[in-house]
Amino acid sequence: MGRRTGRSRPGARPGHHRRRARRPRTRRRRLLVDWACTAKEFGRQLAASAPPAAEVPHPARVVETTGGLDRLLLARYTSRPEPTVELFTDTIALGEHLVDVLGWRDRYPTGSLRAAALAHEHAHGLLHHYPHIRRALRGRLGHTALRLGRLRVPGHVAGADELAAHAYAGAVCGLGRSPLLLTAALMGAVQALGEE
């Protein structure tokens, strides 16, 4: 037996075997990107089919509280004992300040962070309380968890509901950029403040 050179076959280019091994990872990455784009498009279409946010009262009880900075939360939706949205005013205030510091006021007008948080949680409520909306999202994603002959069980794609809710909030509030950008910046700021 001769010494292994790391080549997959005689005459192959060095590193060729490594490129082939990465292909499944690239396919998975492409699939995740497709699912993310599909979820965001679903959220935008859901917002387009809904009446304007100003004309519809929020279906859940809204409770304003503090403590969101400790939990890295802007808002939280709970369905029991009654549908409730908990808005964390300390995180929202920091978010509004961060928008000014970053010079993003043209992207996120004053008050839009609170409105986007409410719209985001409203989207979660729609996905939770209306099975046909949840089924439509799963059907659009097209992920199959199990197939037995003609029987197909749609699978859950982790995070798809979050991306759909962010896209819904951005579309309903008419934001120039996704609320996800501000959420990421805010979480980075909260973590940096926590390290000091």
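Quantities reported herein were computed from a predicted structural model and do not represent experimental measurements. Just so you know, residue 1 is the first one in the sequence shown, and it goes up from there.
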Participant: Mind checking what makes salt bridge (charged side-chain N to carboxylate O under 4.0 Å, His left out) contact with Arg114, not counting sequence neighbours?
Facilitator: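 Arg114 satisfies salt bridge (charged side-chain N to carboxylate O under 4.0 Å, His left out) with Glu64 once adjacent residues are dropped.
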Participant: Atom CZ of Arg107 and atom OG of Ser112: how far apart are they, to the nearest 0.5 Å?
Facilitator: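 Arg107 atom CZ to Ser112 atom OG measures 12.5 Å (nearest 0.5 Å).
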Participant: Nearest 0.5 Å, please: how far is CG in Leu127 from CZ in Arg138?
Facilitator: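 Answer rounded to 0.5 Å: 10.5 Å.
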Participant: Please check if Leu73 and Leu118 belong to a single hydrophobic cluster, counting links between Ile, Leu, Val, Met, Phe, Trp and Tyr side chain heavy atoms closer than 4.5 Å.
Facilitator: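 Cluster IDs for Leu73 and Leu118 differ.
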Participant: Nearest heavy-atom pair of Ala169 and Ala116: which atoms, and what distance?
Facilitator: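 Nearest pair, atom of Ala169 first, then Ala116: CB-O, 3.4 Å.
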Participant: Measuring from atom OG1 of Thr183 to atom CG of Leu72, what distance do you get when rounded to the nearest 0.5 angstrom?
Facilitator: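 One gets 11.5 Å once the value is rounded to the nearest 0.5 Å.
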Participant: Return the OG1 to CG distance between Thr38 and Leu137, rounded to the nearest 0.5 Å.
Facilitator: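 Thr38 atom OG1 to Leu137 atom CG measures 9.0 Å (nearest 0.5 Å).
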Participant: Give the cluster check for Val63 versus Leu113: same hydrophobic cluster or not, with ILVMFWY residues linked at side-chain heavy-atom distances below 4.5 Å.
Facilitator: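 As far as the 4.5 Å side-chain criterion goes, Leu113 and Val63 are not connected within one cluster.
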Participant: Could you give the distance from CZ (Arg30) to CZ (Arg27), rounded to the nearest 0.5 Å?
Facilitator: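 It is 8.0 Å, given to the nearest 0.5 Å.
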Participant: In terms of hydrophobic clustering (I, L, V, M, F, W, Y; side-chain heavy atoms under 4.5 Å; direct or indirect links), are Leu74 and Val62 co-clustered?
Facilitator: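 Yes, it is one cluster - the side chains of Leu74 and Val62 are joined through contacts under 4.5 Å.
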Participant: Is the backbone of His128 close enough, under 3.5 Å, to the side chain of Arg134 for a donor and an acceptor to pair up by distance?
Facilitator: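 It does hold such a pair.
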Participant: Would you say Thr91's side chain and Leu69's backbone share a donor-acceptor pair under 3.5 angstrom?
Facilitator: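 Flag set: sc Thr91 to bb Leu69 pair under 3.5 Å.
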Participant: Can you check whether Thr66's main-chain N or O pairs, donor with acceptor, with Asp90's side chain at less than 3.5 Å?
Facilitator: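 The answer is no, because no donor-acceptor pair under 3.5 Å joins these two groups.
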Participant: Is the number of heavy atoms from other residues, nucleotides or ligands under 6.0 Å of His97 NE2 greater than 12?
Facilitator: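 Atom NE2 in His97 is not packed in, count stays at 12 or less.
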Participant: So, Trp35 side chain and Leu141 main chain: donor-acceptor pair closer than 3.5 Å or not?
Facilitator: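 At least one qualifying donor-acceptor pair exists.
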Participant: Can you check salt bridge (Lys or Arg N to Asp or Glu O under 4.0 Å) on Arg61 and Glu86, steps first, answer last?
Facilitator: CA-CA 8 Å; Arg61 183 174 64 107; Glu86 201 173 356; over 6 Å; no
Participant: Is there a side-chain contact (heavy atoms from CB on, under 4.5 Å) between Phe88 and Arg76 once you walk through the steps?
Facilitator: CA-CA 8 Å; Phe88 296 100; Arg76 178 174 54 187; 4.1 Å; yes
Participant: Between Thr89 and Thr65, is any pair of side-chain heavy atoms under 4.5 Å apart?
Facilitator: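 No. Closest side-chain heavy atoms not under 4.5 Å.
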Participant: Is Trp104 linked to Ile92 within one hydrophobic cluster, defined over Ile, Leu, Val, Met, Phe, Trp and Tyr using a side-chain heavy-atom separation of less than 4.5 Å?
Facilitator: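 Yes, one cluster joins them.
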Participant: Minimum heavy-atom separation for Ala75 to Ala117, with atom names?
Facilitator: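 Heavy-atom minimum between the residues: CB-CB, 4.1 Å.
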Participant: Throw together a table of side-chain donor-acceptor distances under 3.5 angstrom for residues 148-165, partners on residues two or more places apart or in other chains.
Facilitator:
residue: Arg152; atom: NE; partner: Thr144; partner atom: OG1; Å: 2.8
residue: Arg152; atom: NH2; partner: His143; partner atom: O; Å: 3.4
residue: Glu162; atom: OE1; partner: His120; partner atom: NE2; Å: 3.2
residue: Glu162; atom: OE2; partner: His124; partner atom: NE2; Å: 2.8

Participant: I need the single residue from Leu182, Leu175, Leu181 that forms a side chain to side chain contact (heavy atoms under 4.5 Å, CB included) with Pro179. Which is it?
Facilitator: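 Option passing the side chain to side chain contact (heavy atoms under 4.5 Å, CB included) with Pro179: Leu175.
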Participant: Where is the tightest heavy-atom contact between Tyr77 and Pro83, given as atom of each residue plus distance?
Facilitator: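 Minimum heavy-atom separation between Tyr77 and Pro83: OH-CB, 3.7 Å.
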Participant: Using only heavy-atom distances, determine whether the side chains of His122 and Tyr168 contain a donor-acceptor pair under 3.5 Å.
Facilitator: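 Checked: His122/Tyr168 side chains pair up, N/O donor to acceptor below 3.5 Å.
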Participant: I'd like to know if the side chain of Arg105 reaches the main chain of Tyr108, judged simply by a donor and an acceptor atom lying under 3.5 Å from each other, with no hydrogens or angles considered.
Facilitator: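 Present.
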Participant: Answer yes if Leu87 and Leu98 sit in the same cluster of Ile, Leu, Val, Met, Phe, Trp and Tyr residues linked by side chain heavy atoms under 4.5 Å apart, and no otherwise.
Facilitator: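 Both belong to a single hydrophobic cluster.
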